[in-house]
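A quick note: this is a predicted structure, and the numbers were derived from the prediction, not measured. Residue numbers count from 1 along this sequence.
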Amino acid sequence: MSGDVADRATAGFRQRYDAEPAGRWAAPGRVNLIGEHTDYNDGFVLPFALPLRTVVAAAPGPDGRWTVWSELDDEPVEFGAVEADEPGRVDGWAAYVAGVVWALRAVGLDVPGARLAIASDVPVGSGLSSSAAIESAVLAALVDLGGLDLPTDRWPRLAQRAENDYVGAPTGIMDQSAVVRAREGHALFLDCRTEEVEQIPFDLDADGLAVLVVDSRAPHRHADGEYASRRKSCERAAATLGVAALRDVPTADLDAALARLDDDETRRRVRHVVTENQRVLDTVALLRAGRVRDTGPLLTASHASMRDDFEITVPEVDTAVEAALAAGAYGARMTGGGFGGCVLALVDAGAAERVAAAVAAAYAERGFAAPGTLTVLPAGGAHRLP
């Protein structure tokens with residue numbers, strides 16, 4: 001389908017249900033500016049929302065019944081309270097919808113029956129949190145339709161529970177927090193231990209800057225097993241060091257902490273997490289001071305740490321970072337869990353096309369599939385559309 005994503009959701013609702021929706025609710029995708037693999041170490045992250053959106057058009061339906069249609073799969077899925085209350089009974093893309101119903105019911109809320117139609121501009125499988133966007137848009141719709149008493153600061157945890165415990169995907173709290181709580185022109189500084197957030201000014205447009213997002217088109221290679229391996233390594237290291245999480249290792253004490261570990265691989269993993277947390281704090285300090293361009297070297301240092309110490313990059317993302325920097329980007333890094341996914345580069349707004357062309361040329365020279373590129377500014381979080 002073509003056209004604006006909100007119009008597509010409305011058209012899909014009309015076609016599927018032969019009625020008008022009661023409203024439309026949107027939630028964005030997200031990228032993480034800096035702070036990778038710090039979330040499950042109780043550390044710090046700095047994501048921002050994308051202008052790409054998932055939109056849910058919805059209306060009340062029969063009590064205890066939910067029907068959902070997506071433009072990605074023309075066959076609607078219908079489920080009732082029995083299926084919603086048992087994780088695993090609804091699978092595929094509709095599990096993200098059923099998971100939200102389950103999470104709301106699990107905390108004692110009377111979730112309204114509903115008919116929903118979903119359209120999205122957030123690409124699936126690219127590391128831009130398409131799943132969190134679906135969960136959050138559906139959550140916003142059901143809360144409004146049911147008049148549920150659920151403050152927005154509780155939405156991220158419920159959406160995360162839907163993904164962790166119903167769908168079975170072990171995501172942290174960052175994705176849902178960014179998708180729900182982000183503000184236009186800001187990055188979201190999130191303490192993953194306390195869940196406290198601060199809106200950090202990130203007004204790229206005012207500075208003549210933009211973020212170029214490059215979809216590496218690299219297949220995710222052994223991502224699940226490698227992700228779990230990195231997490232276990234960090235947990236073992238924290239236990240050896242006698243701390244609750246690696247977030248508790250001060251940067252000033254890093255060398256002493258590394259000396260207490262008995263293998264070089266674990267030392268590299270710990271060094272990445274501790275220095276990455278510090279890079280998030282340093283980036284926040286620069287943004288507070290209005291020194292956006294000066295964050296570039298921190299982004300690039302983050303990528304080097306992911307490549308050399310955490311060992312989660314692949315040739316496609318390394319090539320994209322190198323080409324963007326050579327073409328004049330202030331900084332560039334892989335964003336997301338690794339082994340594929342996206343790269344972001346901080347660029348002058350007027351240079352975005354040139355940097356994107358340089359990345360494409362480097363890909364062609366290496367024989368890689370052509371990358372996707374998108375220039376973005378920080379957008380707002382989940383909300384009801386007019």
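Phe13 contributes atom CZ, which lies 10.0 Å from atom CG of Asp18 (distance to the nearest 0.5 angstrom). Separating the CG atom in Asn41 from the CZ atom in Arg247 is a distance of 11.0 Å, to the nearest 0.5 Å. Summarising the geometry, atom CG belonging to Asp207 is positioned 10.0 Å from atom CG belonging to Asp348; distances are rounded to the nearest 0.5 Å. The CD1 atom of Ile312 sits 3.5 Å away from the CE atom of Met334 when rounded to the nearest 0.5 Å. Here the CG-CG distance, from Asp121 to Leu374, works out to 10.0 Å after rounding to the nearest 0.5 Å. Within the model, atoms CH2 of Trp69 and CG of Leu116 stand 12.0 Å from one another, a figure rounded to the nearest 0.5 Å.
Side chains of Pro315 and Phe368 form a contact here, defined as non-hydrogen atoms less than 4.5 Å apart. You'll find the side chain of Thr275 stays beyond 4.5 Å of the side chain of Thr251, heavy atoms only. At a threshold of 4.5 Å between non-hydrogen side-chain atoms, the residues Phe48 and Leu377 do not count as touching. No side-chain heavy atom of Cys192 sits under 4.5 Å from any side-chain heavy atom of Thr38. For the pair Arg30 and Leu188, the minimum side-chain heavy-atom distance is 4.5 Å or more. Looking at Asn277 and Phe44, their side chains come closer than 4.5 Å, going by heavy atoms from C-beta outward. Side-chain atoms of Asp144 and Arg384, non-hydrogen and from C-beta on, do get closer than 4.5 Å to each other. For the pair Trp93 and Leu72, the minimum side-chain heavy-atom distance is 4.5 Å or more.
A chain of hydrophobic side-chain contacts below 4.5 Å, direct or via other Ile, Leu, Val, Met, Phe, Trp or Tyr residues, connects Val31 to Leu204. In terms of hydrophobic clustering, with Ile, Leu, Val, Met, Phe, Trp and Tyr side chains grouped at heavy-atom distances under 4.5 Å, Val77 and Val167 are assigned to a common cluster. Residues Val179 and Val143 fall into different hydrophobic clusters, defined by Ile, Leu, Val, Met, Phe, Trp and Tyr side chains chained together at heavy-atom separations under 4.5 Å. In the hydrophobic cluster analysis, where Ile, Leu, Val, Met, Phe, Trp and Tyr join through side-chain heavy atoms closer than 4.5 angstrom, Val273 is grouped apart from Met174. Hydrophobic cluster membership is shared by Ile34 and Val376, with clusters built from Ile, Leu, Val, Met, Phe, Trp and Tyr side chains linked at under 4.5 angstrom.
With Asp203 contributing its side chain and Gly185 its backbone, the two residues share no donor-acceptor pair below 3.5 Å. No donor-acceptor pair under 3.5 Å is formed between the side chain of His272 and the backbone N or O of Val270. With hydrogens and angles disregarded, no donor-acceptor distance shorter than 3.5 Å links the side chain of Trp155 to the backbone of Gln176. Not one N or O on the side chain of Asp42 forms a donor-acceptor pair closer than 3.5 Å with the backbone of Leu246. Looking only at distances, no side-chain donor or acceptor of Thr295 sits under 3.5 Å from a matching main-chain atom of Arg291. Under the 3.5 Å distance criterion, the side-chain polar atoms of Thr335 are matched with a main-chain donor or acceptor of Asn32. Between the side chain of Asp248 and the main chain of Ala245, a donor-acceptor pair closer than 3.5 Å is present. Between the Glu71 side chain and the Ser120 main chain, a donor and an acceptor come within less than 3.5 Å of each other. In this structure, Ser229 contributes its side chain and Gly225 its backbone to no donor-acceptor pair below 3.5 Å. Here the side chain of Asp263 pairs a donor or acceptor atom with the backbone of Glu265 at under 3.5 angstrom.
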Checklist line | Criterion salt bridge (Lys or Arg N to Asp or Glu O under 4.0 Å) on Arg217 and Asp215, from CA distance to verdict | finding: CA-CA 5 Å; Arg217 303 283 165 84; Asp215 183 349; 3.4 Å; yes

Next item on the list: Evaluate the criterion side chain to side chain donor-acceptor pair (under 3.5 Å) for residue pair Ser305 and Glu276; output intermediate values, then yes/no.
Entry: CA-CA 8 Å; Ser305 182; Glu276 185 78 346; 5.2 Å; no

Note to self: Please determine whether salt bridge (Lys or Arg N to Asp or Glu O under 4.0 Å) holds for the pair Asp7 and Arg24, giving the CA-CA distance in whole Å, both sets of side-chain angles, and the decisive distance to 0.1 Å.
What the structure shows: CA-CA 10 Å; Asp7 292 341; Arg24 301 179 300 181; 3.7 Å; yes

Next item on the list: Let me see the working for Asp308 and Arg271 under salt bridge (Lys or Arg N to Asp or Glu O under 4.0 Å), right down to the final yes or no.
Entry: CA-CA 10 Å; Asp308 301 335; Arg271 183 167 55 221; over 6 Å; no

Next item on the list: Please report the C-alpha distance between Arg16 and Asp74 in whole Å, then the side-chain angles of each, then the deciding distance to 0.1 Å, and finally whether the salt bridge (Lys or Arg N to Asp or Glu O under 4.0 Å) criterion is met.
Entry: CA-CA 9 Å; Arg16 176 51 53 188; Asp74 199 46; 3.8 Å; yes

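Of the N and O atoms on the side chains of Ser70 and Asp73, not one donor lies less than 3.5 Å from an acceptor on the other residue. For the residue pair Arg269/Ser233, the side-chain donor-acceptor check at 3.5 Å is not satisfied. Side-chain contact annotation: Thr10 with Arg14, donor-acceptor N/O pair under 3.5 Å absent.
In summary, Arg260 and Asp253 do not engage in a salt bridge, as defined by a charged side-chain N under 4.0 Å from a carboxylate O.
The two residues Leu150 and Leu104 have their closest heavy-atom pair at CD2-CD2, 3.7 Å. Shortest non-hydrogen contact noted between Phe339 and Tyr227 is CE1-N, 4.4 Å. Here the closest non-hydrogen pair linking Pro123 and Leu52 is CD-CD1, 3.9 Å. The two atoms that bring Thr319 and Ala362 nearest to each other are CG2-CB, 3.8 Å, heavy atoms only. Taking each heavy atom of Ala356 and Leu212 in turn, the nearest pair found is N-CD2, 3.8 Å. Across all their heavy atoms, Val249 and Ala257 have their closest contact at CG1-CB, 3.9 Å.
Between Arg333 and the choices Thr300, Val343, Leu298, Leu299, the side-chain contact (heavy atoms from CB on, under 4.5 Å) rule is met once, by Leu299. Among Leu287, Leu33, Val45, Leu46, the single residue meeting the side-chain contact (heavy atoms from CB on, under 4.5 Å) criterion with Phe189 is Leu46.
In the displayed structure, Glu198 atom CD is contacted under 6.0 Å by more than 12 heavy atoms of other residues, nucleotides or ligands. By the neighbour-count criterion of 12 heavy atoms within 6.0 Å, atom CG of Asp264 is densely surrounded, having more than that number from other residues, nucleotides or ligands. Around the CZ atom of Arg183, the shell of radius 6.0 Å holds no more than 12 heavy atoms that belong to other residues, nucleotides or ligands. Atom CD of Glu83 has more than 12 neighbouring heavy atoms from other residues, nucleotides or ligands inside a 6.0 Å radius.
Taking the six-membered ring for Trp and thresholds of 30 and 60 degrees, His37 and Tyr40 have ring planes more than 60 degrees apart, a perpendicular arrangement. Between Trp66 and Phe79, the ring-plane angle classifies as parallel under the 30° and 60° cut-offs.
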